[in-house]
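It should be emphasised that the depicted structure is a prediction, and the values quoted were computed from it without experimental measurement. Chain letters run A, B, ... following the sequence lines, proteins first and then strands; every chain starts at 1.
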Number of protein chains: 2
Amino acid sequence: MSVDILISEVGPRDGLQSISAIMPLAAKKAWIDAEAAAGVREIEVGSFVPAKLLPQLADTAEVVAHARTIPGLTVAVLVPNARGAEAAIAAGAHKITLPLSVSETHSLANLRKTHVQVLDEARAITGMIRALPADRRPHFEGSLSTVFGCTLEGMIPDVQVARLAEGLMAAGCDEIGLSDTTGFADPVAVKHMIRLVRGTVGDAAVTGIHLHNTRGLGLANALAALDSGLTTLDASLGGLGGCPFAPGASGNIVTEDLVFMLQAMGLETGIDIQALLRVREILKAALPDEPLYGFTPDAGLPLGFKPKQGMKRELA
Amino acid sequence: MSVDILISEVGPRDGLQSISAIMPLAAKKAWIDAEAAAGVREIEVGSFVPAKLLPQLADTAEVVAHARTIPGLTVAVLVPNARGAEAAIAAGAHKITLPLSVSETHSLANLRKTHVQVLDEARAITGMIRALPADRRPHFEGSLSTVFGCTLEGMIPDVQVARLAEGLMAAGCDEIGLSDTTGFADPVAVKHMIRLVRGTVGDAAVTGIHLHNTRGLGLANALAALDSGLTTLDASLGGLGGCPFAPGASGNIVTEDLVFMLQAMGLETGIDIQALLRVREILKAALPDEPLYGFTPDAGLPLGFKPKQGMKRELA
């Protein structure tokens, strides 16, 4: 089955890194298994960062090894630098994302690196990837974080965003992601930023966006991204997640609500929403003290709900 | 100052009718005063229903009398029938909304009336309004409730919706409102329904929509309505509200988050968002046991937030 929209579940990475509880490896495996079984085709399963910084993700190599056994699943990871990418490649990740904060202040706080240093890391990662046999090369995404504004610097000038997008492509990235790390985005800003970055590096190199629901605009921003032609949306089951270095920036958009919206709109995600809603039980059991978000899980599906057919052209 | 989008605050009616606590008259007045002072230009202040059914709104005539003293404020009320409209006219409401549930099952449960009976009431209301001097006639809206589906009947056929919209206009309504009573709407359905009803009764007769956030899609649906050219959006401060006869249908869209979204998009609402956020304190003090919703009040405004200027054309 082909899908219209790829949901990239980021809860096992962005969700778990933002909470203090450490989810046991077995629960992570069960979560990933269940979401993949529900039809989720890409999961960011962890991050290769030093265990002393993020002990919640210390078992990422084992999680990758397990997730790789699931047929058809794209196993994605975040890496802060070339050392992390080396570990990601050794573990066999299918997709590697390197964040580059367009706010240099945030970059220093988050990765302890200047823009020039992050671009150096990107070049080093490209070198490692290109040294691999063609069939073992992971997809390499450079993600522009704080691209809609930074809690430390405020708004970042367009010219700086464009320059850094170009820099990541020149460093060898396959793709540029947009990340509303701080929850500052609004629908007009989303459309503007997609136009800006696609205009800089080409439409084909910009397909995905990472949105937070910090000010409640997550799904409206996702709709704006769809209207602009993006086809990959990050989301976190139960809205778990956030950025520990951006105060108040908690909460990825909720996978359950996003999938409900897309299916109601007649956009195929390949996901069985009833099965997806059941995965939440795994989170509740493994993280009993963590608040989970989302409205669809509480309200249930509308009476007689069926995904629309053939209406997706009305989106435009 | 002219506004691009009219926010119609419905909390004092839809919010208060859905909770068991009864807000004292003085708190209602303080709430309405503070929201009007923050720049809100239309407030649905109550409903003329028998006090034994909704004791929370038993003081609506006094609330209308107070709200009428606020310069520039459109004082709106809901009425279930001609008797309620008579009271609304006597109190001096500027706008009267009569709901007509497109699901006849819901109409019977909510108003205890068939479609034919509700249209009879609409004609009786029109007769009363036209008997008034021209400068004292309230604006008369017929609101199609459960128009995106019903918790009792499921989806309602388009032909039935169109017929009822025509019926309300033939009965003398000035305007047709669309109401997602049950929280079933999605952005494609919103665009479809606006096209259907505008196509039936004309664009000028359909300017507003009443959305709930039952499944988290409230602001995405609002964005779809804006894209379709609607200019009036109902919302409830703190997301207070819902429909007591539609189980699980709690929660209007949150005024604070909606105003933040619109201002971030460069759409003028005439509202001072900082002053609006402060009104929430009145709700908290008067209804200490009620949960309030919304993300922007917790997260605060983005660092250096300024409403965009001159970007609203990018919406289309």
Side-chain angles (χ1 to χ4, degrees), chain A residues 148-155 182-189 191-192 195 213-224 226-227 239 248-251 253-254 256-258 260-267 293-306 308 311-312 314-315, chain B residues 148-155 182-189 191-192 195 213-224 226-227 239 248-251 253-254 256-258 260-267 293-306 308 311-312 314-315:
Chain A
F148 296 99
C150 168
T151 50
L152 306 167
E153 278 195 38
M155 298 301 141
T182 55
F184 280 22
D186 67 79
V188 168
K191 290 188 175 187
H192 171 75
R195 202 157 41 225
N213 196 35
T214 313
R215 291 172 180 83
L217 276 54
L219 291 189
N221 291 337
L223 184 63
L226 295 172
D227 269 346
S250 62
I253 56 176
V254 175
E256 299 94 314
D257 290 347
L258 176 63
F260 168 66
M261 181 173 89
L262 295 172
Q263 294 202 348
M265 293 170 70
L267 291 163
Y293 299 91
F295 293 82
T296 307
D298 287 338
L301 297 175
L303 179 68
F305 176 70
K306 289 195 195 74
K308 284 189 191 66
M311 292 194 69
K312 66 193 175 200
E314 297 194 29
L315 178 62
Chain B
F148 296 99
C150 168
T151 50
L152 306 166
E153 280 195 37
M155 297 300 140
T182 56
F184 280 24
D186 67 79
V188 167
K191 291 188 175 187
H192 171 75
R195 202 156 42 225
N213 196 35
T214 312
R215 291 171 180 83
L217 275 57
L219 292 189
N221 291 337
L223 185 63
L226 295 174
D227 269 346
S250 63
I253 56 175
V254 175
E256 298 93 315
D257 290 348
L258 176 63
F260 168 65
M261 180 173 88
L262 296 172
Q263 296 204 348
M265 293 170 71
L267 291 163
Y293 300 91
F295 292 82
T296 307
D298 287 338
L301 298 175
L303 179 67
F305 175 70
K306 288 195 196 73
K308 284 189 191 66
M311 291 192 70
K312 64 194 175 197
E314 297 194 30
L315 179 62

(request) Decide side chain to side chain contact (heavy atoms under 4.5 Å, CB included) for F184(A) and L303(B); before the verdict, give the C-alpha distance in whole Å, the side-chain angles of both, and the deciding distance to 0.1 Å. (result) CA-CA 9 Å; F184(A) 280 22; L303(B) 179 67; 4.2 Å; yes

(request) Give the intermediate values and the outcome of side chain to side chain contact (heavy atoms under 4.5 Å, CB included) for residues L217(A) and F295(B). (result) CA-CA 9 Å; L217(A) 276 54; F295(B) 292 82; over 6 Å; no

(message) Using only atom types and a distance under 3.5 Å, with no angle test, would you say the side chain of R215(B) pairs donor to acceptor with the backbone of G300(A)?
(response) yes

(request) Among A222(A), G294(A), A220(A), P297(A), single out the residue with the greatest number of heavy-atom pairs under 4.5 Å to chain B. (result) A220(A)

(message) Does any backbone or side-chain atom of E153(A) lie under 4.5 Å from a heavy atom of chain B? Answer side chain, backbone, both or neither.
(response) backbone

(request) Check step by step if side chain to side chain contact (heavy atoms under 4.5 Å, CB included) holds for L223(B) and D227(A). (result) CA-CA 11 Å; L223(B) 185 63; D227(A) 269 346; 5.7 Å; no

(message) Can you tell me which of G154(A), C150(A), G304(A) forms the most heavy-atom pairs within a distance under 4.5 Å of chain B?
(response) G154(A)

(request) To the nearest 0.5 Å, tell me how far D186(A) CG sits from L262(B) CG. (result) 10.0 Å

(message) Is L301(A) close to chain B through its backbone or its side chain, or both, or neither, when contacts mean heavy atoms under 4.5 Å?
(response) backbone

